[in-house]
Amino acid sequence: MRFSKLFCPTLKESPNDAEITSHKLMIRSGMIRKLSSGIYNLLPLGLKVMRKFEAIVREEMNEVDGQECLLPSLIPSDLWKESGRWDKYGKELLRLTDRHSNDFCFGPTHEEVITDIAKKNIRSYKELPISLYQIQTKFRDEIRPRFGLMRGREFIMKDAYSFHANDESLSETYMQIRTAYQSIFKRCGLDYKIVQADSGSIGGANSEEFMLTAATGEDMIVDCPNCEYAANLEAATCSQVNISKSTNYSSENSNNTQSTTQDTAKTQSQTSDVTPSPESVLTPDMGTIEAVASHLKLPKNKCIKALLLFYGTVPIMVLVSGDDQLNECKLKIELDALFPEPQDIRFAEESDLQTLNLFHGFMGPSTLTDDQFQKGLIISDFRLKGIKGACAGANKKDYHLINLDEGRDFTPKYFFDLRNVQEGDTCPKCEKGTLSFVRGIEVGHIFKLGNTYSKAMKAEFLDQNGKTQPFEMGCYGIGIGRTVAAAIEQNHDEKGIVWPEELAPFSVAIVLIGHKDPDLTSAAESMYRSLKEEKIDVLFDDRKESPGRKFKDLELIGIPFQVVVGRSFKETGKVEWKCRRTGSNGCVGIDELSQTLNSLLTNGS
RNA sequence: CGGGGUGUGGCGCAGUCUGGUUAGCGCACCAGUUUUGGGAACUGGGGGCCGGUGGUUCGAAUCCACUCACCCCGACCA
C-alpha cells in the first residue's frame with residue numbers, strides 16, 4: 001500500500017470527547033470516526049486491524065472444531081419471547097417494527113437464534129457435541145456509551161455456542177475454548193488474566209472472564225499474588241478470617257459454619273462486657289457515615305450503613321459495615337434464592353422514604369416499627385453478626401442511636417456475604433495471600449449456560465436411551481473492537497500506538513525522504529516492489545510531505561518497523577531500519593533488507 | 001433516569017456576562033515560490049445560515065423560551 005493512496009486522515013489534536021488513550025489514538029491515527037453516540041465508522045486502517053484480530057480468532061476457534069456461521073442481526077421477537085427475554089431484557093434491547101407491524105430486535109447476543117437452529121436441525125446425541133460461532137455486529141443500547149470502541153452501542157463480537165449431550169462434554173469443550181482464548185490473547189502479545197465472574201441471574205453455572213489489564217479498565221479485578229485466584233469484584237469473596245478479624249466481633253453463625261472454639265470463646269468474653277442501653281444522640285445534618293463517625297468519635301466499622309431498596313415491591317433494609325460497600329450482585333443472588341420469582345432491585349427514592357416515614361441518612365434497623373416496615377425484610381452482611389456497641393440511624397431526622405448490639409437491639413432476618421471485598425483481605429482460596437486490586441477490561445467471557453435456553457425453547461435431542469433431553473449449552477464471547485482498543489491501552493507511548501506485530505495494520509513502512517531525487521525514488525520503489533513480492537505487508541510512505549510529518553504519522557499509526565531511504569542511502573548505499581517498540585535500529589544494504597526484516601519480524605528486535 | 005457541562009469552517013478554541021464593524025485565531029485545506037532527516041517558510045486564497053425553532057429588539061453568536069445533539073458524573077447512603 002502506498003501512503004499517498006491510503007485513506008488515513010490523521011489528526012494532530014484529538015477531539016474533545018475522547019477521554020482515554022485508545023479512543024484518542026484510534027481517532028488521531030485515522031482508524032475510526034464517530035457517527036453518533038457509541039456508533040463509529042471504521043476507516044480502512046481500523047478495519048484492517050480488526051480483520052487481523054478476527055483472523056487470529058478464526059484460526060484458534062477452527063482449531064478447536066468451531067464452525068463459523070453468520071446469523072442475522074435482526075431477530076424476530078418470537079424467539080425472544082420463547083426464551084422469555086423479550087420482557088426481561090430492558091431498554092438495552094433495541095426493538096424495531098417492520099411494515100407488517102412485526103416486532104424485531106437488533107441482536108445484542110444470539111442465544112435464541114442459535115438454540116433455534118439446534119432445535120430444528122439436531123436430532124440425535126450422535127451429532128453432538130457441536131460448536132458454532134460467528135463474528136458479527138451487535139447492538140446494545142447502553143445507558144452511557146463511552147471510550148470509543150471500548151463501550152460502544154454498535155460493536156463487533158465473536159460469539160460461539162456449543163451444544164452437548166451431557167455436562168462432561170460441555171466441560172471438555174469449555175476447557176478447549178478456554179485454551180483457544182489463551183492462545184488468542186497470547187499470540188497478540190496481550191497481558192491478560194482469567195477471572196471468576198458473576199454468573200448472573202442465568203444460574204449458578206461456571207463463568208470466567210478474560211481481562212486485559214489496564215489502568216483505564218472499567219472492571220475491578222481482585223487478585224491473589226500467592227495463588228491463581230482472581231475474580232471480578234462482583235464475584236470476589238474473601239477468607240472468613242477477615243470477617244471476624246476486621247470487626248473484632250465473633251463470626252459464629254449458622255449460615256457459614258466457620259465458627260471455631262476460639263470464636264465462641266471470644267463471643268463469651270465480649271458478652272460479659274455488657275453494652276449500655278441504646279441511646280439516641282443528636283446528629284444534625286449528619287447523613288453520612290463519614291460525618292457520623294467523626295462526630296461520635298467512632299470507627300467507621302462501628303457505624304452501620306443501612307440501605308433501603310426494593311426487591312420488586314418488597315422493601316428491603318440491607319445492613320453493611322460503615323467501612324464496607326454493598327455488592328448489589330451478591331445481594332441479587334441471595335434475594336433471588338429467597339423469593340420464588342426473581343425481581344429487579346432498585347434503590348428507594350425520596351417518595352418511598354416519605355411513605356415509610358424514613359429519612360435519608362438516618363435510617364437504622366433497631367427502631368423500625370411494624371407499620372413502617374411490616375412487609376419489609378432486614379438482612380445484613382456477615383460482618384455485622386454479633387456487633388456490639390454500634391451506631392445506626394434512629395429513623396428520626398437528625399438522630400442516630402448508639403450502643404446497639406446485634407441480637408439485642410436489632411435482629412436481621414438473614415446474614416449473607418453482601419459486601420465488596422477490600423484490598424488487603426485474605427484470599428478465599430489459599431487463605432494466605434493478601435488480595436490486591438487491578439483494573440481490567442473484559443474482552444472475553446466463557447460461560448457454561450447449561451440448559452436454561454434449551455429448556456425454555458424446547459431445544460431437545462434423543463439420547464442413547466431414546467429419551468428426549470434438552471441440550472447442554474455453553475457460550476463464549478470475544479469483543480473484537482474492545483480487544484483492539486484494549487490492545488492500544490496496553491501498547492502505546494507518547495508518540496502513538498505501538499502495535500503488537502500480530503495486530504499491526506502493516507508490518508513495515510518504507511519512508512522515502514527526498515521524493516525529488518530520482519535515485520532515492522527509484523531505490524525506494526524497487527524496495528517496495530521486492531518487499532511486496534516477499535509477501536511482507538508494507539506501507540510505502542511516498543507522500544510529498546516533509547520528513548517530520550511522515551515520521552510522526554508512522555509513529556502515531558504504530559507500524560512496527562520503519563525503513564528510511566534518504567540521506568544515508570545517498571551517502572553509503574545502505575538504508576536504515578528502526579523498531580517502533582524498542583527504538584533499536586541499524587543500517588543494511590538493499591540486498592539484505594528483506595532478510596533482515598524477516599528475521600526482525602520473526603524474532604523481534 | 002437524575003445532576004452538571006458543551007454546541008461558533010474538518011480539528012482545537014476565542015468572542016456570549018455588558019446585543020451594535022465585514023464573526024476572529026491556531027492547525028488543517030487550495031494555488032504559487034522556496035524548502036525536504038523530525039508535524040517547513042513566505043505570499044495569496046477557499047470554506048460559517050454561530051446546533052435547531054420561536055420570541056424580545058431598530059438590531060441577536062450574544063438576551064428569553066422551547067427543542068435537539070454530544071460529553072462528563074451518579075450507593076457512600078437509602
Side-chain angles (χ1 to χ4, degrees), chain A residues 9-20 23-24 27-28 30 33-39 90-91 141 143-148 153 286-293 300 303-310 315-329 331 345-365 368 373 376 378 392-393 395 397 400 418-420 422 495-496 511-517 520-521 541 543-556 562 564-571 575-576 578 585:
Chain A
T10 58
L11 253 36
K12 214 153 146 184
E13 289 176 282
S14 61
N16 222 347
D17 54 11
E19 279 266 302
I20 61 171
H23 188 191
K24 284 181 187 160
I27 290 175
R28 287 190 48 209
R33 285 292 185 270
K34 185 170 79 177
L35 183 59
S36 177
S37 176
I39 300 179
K91 288 184 185 163
D141 204 351
I143 311 170
R144 193 141 94 81
R146 55 190 133 171
F147 305 149
R153 297 194 293 168
M286 295 173 196
T288 65
I289 295 287
E290 204 69 53
V292 172
K300 283 208 271 183
C303 298
I304 296 172
K305 195 185 277 189
L307 301 96
L308 185 68
L309 32 82
F310 285 84
I316 310 271
M317 181 175 279
V318 181
L319 309 176
V320 294
S321 173
D323 58 348
D324 274 335
Q325 297 191 350
L326 172 67
N327 181 319
E328 278 184 59
C329 239
L331 177 67
I345 290 178
R346 68 172 178 90
F347 280 88
E349 286 159 22
E350 202 50 54
S351 57
D352 301 312
L353 295 180
Q354 277 173 17
T355 312
L356 290 164
N357 196 24
L358 291 172
F359 304 92
H360 198 274
F362 302 94
M363 295 198 298
L368 278 183
F373 217 60
I378 302 177
N395 297 326
K397 181 119 180 72
H400 276 73
L418 295 176
R419 65 176 207 121
N420 277 339
Q422 289 189 19
K495 293 176 187 162
V511 197
L512 171 61
I513 307 282
H515 62 265
K516 282 190 181 160
D517 185 319
L520 289 177
T521 307
D541 195 347
R543 294 176 300 170
K544 299 172 177 31
E545 296 286 350
S546 72
R549 187 159 181 166
K550 293 184 173 191
F551 289 128
K552 290 286 187 212
D553 273 345
L554 294 169
E555 281 156 354
L556 176 63
Q562 260 180 24
V564 185
V565 184
R567 190 172 54 205
S568 73
F569 178 74
K570 201 83 176 157
E571 289 163 2
V575 293
E576 300 153 72
K578 186 175 182 186
N585 58 79

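Every value quoted in this text rests on a predicted model; they were computed, and no experiment measured them. Chain identifiers are assigned alphabetically (A, B, ...) following the order of the sequence lines, protein sequences preceding nucleic acid strands; residue numbering begins at 1 within each chain.
Residues A/I345 and A/E328 approach most closely at CD1-O, 4.2 Å, considering heavy atoms.
Within 4.0 Å of A/E19, counting heavy atoms only, lie sugar-phosphate atoms of the nucleic acid but no base atom. Using a 4.0 Å heavy-atom cutoff across all strands shown, A/I289 reaches sugar-phosphate atoms only and no base atom. Within the 4.0 angstrom heavy-atom criterion, no nucleotide atom of any strand lies near A/Q562. Across all strands, A/V511 comes closer than 4.0 Å to no nucleic acid atom at all (heavy-atom distances). Using a 4.0 Å heavy-atom distance criterion, A/R146 is classed as a sugar-phosphate-only contact.
Taking atom CZ of residue A/F362 and atom C1' of nucleotide B/rC76, one finds them 15 Å apart after rounding to whole Å. When the P atom of B/rG32 is taken as reference, atom NZ of A/K544 falls 13 Å away, rounded to whole Å. Note: CG (A/D553) to C1' (B/rA28) measures 12 Å, nearest angstrom.
Separation of the P atoms belonging to B/rA23 and B/rG51 is 15 Å when rounded to the nearest angstrom. A distance of about 15 Å separates the C1' atoms of B/rA61 and B/rU6, rounded to the whole Å. Only the C1' atoms considered, B/rG39 is 34 Å distant from B/rC49, to the nearest whole Å. A distance of about 14 Å separates the C1' atoms of B/rC13 and B/rA28, rounded to the whole Å. The C1' atoms of B/rG2 and B/rG47 are separated by 41 Å, rounded to the nearest whole Å. Taking atom P on both nucleotides, B/rG12 is separated from B/rU43 by 27 Å, rounded to a whole Å.
Pairing partner, B/rU56: none, since no Watson-Crick or wobble contact has both distances short of 3.5 Å. Look at B/rG38: it lacks any Watson-Crick or wobble partner with both distances under 3.5 angstrom.
A close approach under 4.0 Å does not occur between any side-chain nitrogen or oxygen of A/S546 and OP1 or OP2 of B/rG38. Close to B/rG38, at under 4.0 Å from its OP1 or OP2, lies no side-chain N or O of A/K495.
Minimum atom distance to the side chain of A/R549 is reached by B/rC29, of the listed B/rC29, B/rG38, B/rU36. In the set B/rG37, B/rG74, B/rU35, the nucleotide with an atom closest to the side chain of A/K516 is B/rU35. The listed nucleotides are B/rC76, B/rG39, B/rG38; the one nearest the side chain of A/R28 is B/rG39. For A/S568, the side-chain atoms get nearest to B/rG37 when compared with the rest of B/rG37, B/rC76, B/rC71. Here B/rG37 is the nucleotide among B/rC73, B/rG39, B/rG37 with the atom lying nearest to any side-chain atom of A/V564.
At a cut-off of 3.5 angstrom, the base of B/rC27 holds no donor-acceptor pair with the side chain of A/K12. Taking only distance into account, the side chain of A/E555 meets the base of B/rG38 through a donor-acceptor pair shorter than 3.5 Å.
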Letter by letter from the 5' end, nucleotides 8-13 of chain B scores (B base, S sugar-phosphate only, - none; protein heavy atoms under 4.0 Å) ---SSS
